[in-house]
Structure formats: structure tokens, C-alpha cells
2 protein chains.
Amino acid sequence: MAEALDTFDRAILDLVQKDCQLKAETIADEVGLSASAVQRRLKRLRDNGVIQAEVAVINRKATSFPMTFIAGMEIERDNYDALARFRQWAEKQPNVQQVYYVTGQVDLIAIITARDVEHYDDISAQLMADNPQIKRMTTNVVLRDVKTGLFIPVEE
Amino acid sequence: MAEALDTFDRAILDLVQKDCQLKAETIADEVGLSASAVQRRLKRLRDNGVIQAEVAVINRKATSFPMTFIAGMEIERDNYDALARFRQWAEKQPNVQQVYYVTGQVDLIAIITARDVEHYDDISAQLMADNPQIKRMTTNVVLRDVKTGLFIPVEE
DNA sequence: AGTGAAAAGATTCACTT
DNA sequence: AAGTGAATCTTTTCACT
């Protein structure tokens, strides 16, 4: 689908991953292209799906869900579509922020936001009730966000 | 610093967390305000730091760092500023995407991007070399992103 | 890829309710 | 605080080089 990214694309992606409201002209000056070339490339990167979304990152402390929990789960591996069903469930849960299917002691790792520990207890109870294919769940309480973001390096 | 968010603020944040390039007029129609009121609130939310950043989310598979690893680490808790020093280090590492300080079996959980397993091995070796306060490190390889994002619910 | 032009939207302002 | 209207800047898309 997406052809390889050239040096200009990577430079543009490096910038918009930090601030996607930058003026095309500012980006153009940084990377050494004209503003319209930057616009064209941004449109192509969006249409290609290289840029999946442009989102506001909000301060967790400003919300009603200031706590974060990281849950490790074991899933019933025998069951063919256990993972697919969990994905569908997670997609609909606003408090389930991220889920990774991993190798190791656990099969799934989820990052979950909650109002407080009681609320997290409710969410995890609901998770187990809605997903019998989840066998076990262990939780780490996040005491501090040391670094957050979704930045992925693109420069070679 | 930040006063409480009202219903309009929350509705706006709910939308811009999914798409921060929405037209002010579109947001206005959704939440029941005028476009200029939406603009004013967005400016205030940005100035307040409630909106911390507006960023492009890119497809990991389109980059040269398509793999993800989740590392659990034990840190020297005796050492007073061991965590602060690790934070400073992590902040400068582009492949270290997220770090959480947690309770439980491990003290730190990091999400790390890498080109391949060899590259991850290099990164983790460098991490241990640069941070002697990290005593032990266990890694989960991400086989699949089940859900990603930084969305935090804001509606009551 | 660059330039220039036209239309649409963002941003900031002053003013009103 | 919210709405309106005006001035200015930026984005977006187009045709053209």
C-alpha cells in the first residue's frame, strides 16, 4: 500500500508527531521544501494511512479519570477467536486506553484509566465478567507518568 | 491553575481527542455553541495546559521501527533520585515511547519501539549501561497492537 | 516540485447581549 | 460568558510551469 517514505516525508513526520498544527510554511522552512509541497505530502501521508489520526493529547489530571492502571492478563489460547472478541470488547471501552498482545508471562497488557481504585475495581470486574476467555489478571497501579506519548522515530 | 471543566469543555475535549483538525463550526454544531465560542474555549484549554499537545499519530508499520516491546524494570529504591535520573534519560531516548512508575512486582514499565529484536537488544543494553540504578529488566514482545491511543474519557 | 490564484477555514479583534 | 461581524492569516485545492 504505502510506498517507502523519503527523507522529506520522514522529516515532516518527525515534526507533526510533536505538533500537527504547525503551519505548512514553518514545516517547509524546516525541511527545505515549498509550503505547497509540504501540503501535498501531508495529504498523501493522510490518505495513505501513514498518518492514522491527528489528536489532542489532554492532561489526565484535568479529567475525572486521573488514575492509570496497567493490567496483565492471561487469555484462553485454545479458543480460536478469544483475542478477536477481546479486541472488539476493548474497542468499545473508553477507559481501556491501550491493549497489547504479547509474549511472556502474560498474554495481554492493557493500560486502563479510572476515576479511583473503586472505579478500577468495577472496570476489572466487568472485564472479567464480559470476557470469560480471560483467565487471570494482575494489576500494577501507576504512581507517576514518567513519559507519555505515541511518538515513533522516523529518521534513519 | 485549571478551573473545573464544564459540560461544553468536556464535549469539545471528547471530540478533539479523536480529531483535532475538526472545523470549529463542526464542533460548534455538535456541542451546541457558536464557532467563536468553541475557538475561545479551545484557546483557553490550550493555554491552561488541559490540551497538552496536538499530534499526528502515525502507523508504526510505515516506519523503520515497526516493533514494540514492553519492559518491566526494578529500580534501586534506596537511591533518592534514581527515578528522576531515569526520567531525564528516558526523555531523551526517541525509542522510549512511554514509561510508568508503578506498584507491584516491577517498579517501572516502559513501552519501547525498535527496528527489530537485535535493535531492541542494543537499546536495552544501553539502558542498563546508562542507568545502573536499574537492577533487573524483563521484556514482553508485542505480537499485535490490539488497541492504541491516548484517549481519556472526559464525559461524566 | 514550484508558483500563483481562489475559496474555505482559523484566528483575533472590537462590540453587543 | 456567549454571539456577531470584520480583518487578517493559513489551509486547501486547483491549474499551470
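Naming: A, B, ... by sequence-line order, numbering from 1 per chain. Keep in mind it's a predicted model, so treat the numbers as computed, not measured.
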| message | Give me each pair satisfying ring-ring contact (aromatic ring centres under 6.0 Å, His included) with a member in residues 118-141 of chain A, each pair once, sequence neighbours excluded. | response | A/Phe65-A/His119, A/Phe69-A/Tyr120
| request: Output all residues satisfying side-chain contact (heavy atoms from CB on, under 4.5 Å) with B/Lys18, sequence neighbours left out; order by chain, then residue number. | output: B/Asp14, B/Phe151
| query | Residues two or more places apart in sequence or in another chain: which of them pass side-chain contact (heavy atoms from CB on, under 4.5 Å) with A/Ala56? | reply | B/Val16, B/Cys20, B/Ile51, B/Glu54
| field | Strand-adjacent residues in residues 27-35 of chain A, judged by heavy atoms under 4.0 Å from DNA chain C | value | A/Leu33, A/Ser34
| Looking at residues 13-26 of chain B, who's got a heavy atom less than 4.0 Å off DNA chain C? | B/Leu22, B/Lys23, B/Ala24
How long is the line joining [atom1] of [X] and [atom2] of [N], in whole Å?
X       : N      : atom1 : atom2 : result
A/Gln39 : D/dT11 : CD    : P     : 6 Å
B/Phe8  : D/dA2  : CZ    : C1'   : 9 Å
B/Arg44 : D/dA1  : CZ    : C1'   : 9 Å

What heavy-atom pair brings [X] and [Y] nearest, and what distance separates the two atoms?
X        : Y        : answer
B/Pro66  : B/Lys61  : CB-CA, 4.4 Å
A/Thr113 : B/Pro153 : OG1-CD, 3.5 Å
A/Ala28  : A/Val38  : CA-CG2, 3.7 Å

| note | First and last nt of DNA chain C near chain B, cut-off under 4.0 Å to heavy atoms, 5' to 3', are C/dG9 to C/dT12
| query | Linking I/L/V/M/F/W/Y whenever their side-chain heavy atoms sit closer than 4.5 Å, directly or via other members, would B/Ile123 and B/Met137 fall into one cluster? | reply | yes
| field | Partner set under side-chain hydrogen bond (donor to acceptor under 3.5 Å, both in side chains) for B/Lys43, not counting sequence neighbours | value | B/Asp47
| said: Once side-chain hydrogen bond (donor to acceptor under 3.5 Å, both in side chains) is applied, do any residues pair with A/Arg136, and if so which ones, sequence neighbours excluded? | reply: A/Glu74
| said: Run the ring pair (Phe, Tyr, Trp, His ring centres under 6.0 Å) test against A/Phe86 and tell me which residues pass, sequence neighbours left out. | reply: A/Trp89
| said: Roughly what angle, to 10°, lies between the helix axis at the start of the helix from C/dA1-D/dT17 to C/dT17-D/dA1 and the one at its end, five pairs per end? | reply: 30°
| task | Using the salt bridge (Lys or Arg N to Asp or Glu O under 4.0 Å) rule, collect all pairs that involve residues 87-110 of chain B, keeping only residues at least two apart or in two chains. | result | B/Arg77-B/Asp107
| said: Under the salt bridge (Lys or Arg N to Asp or Glu O under 4.0 Å) definition, can you give me all pairs with a residue in residues 143-154 of chain B, not counting sequence neighbours? | reply: B/Arg60-B/Asp145
| said: Whether the side chain of B/Asp116 engages the backbone of B/Glu118 through a donor-acceptor N/O pair (distance < 3.5 Å, no angle test) should be reported. | reply: yes
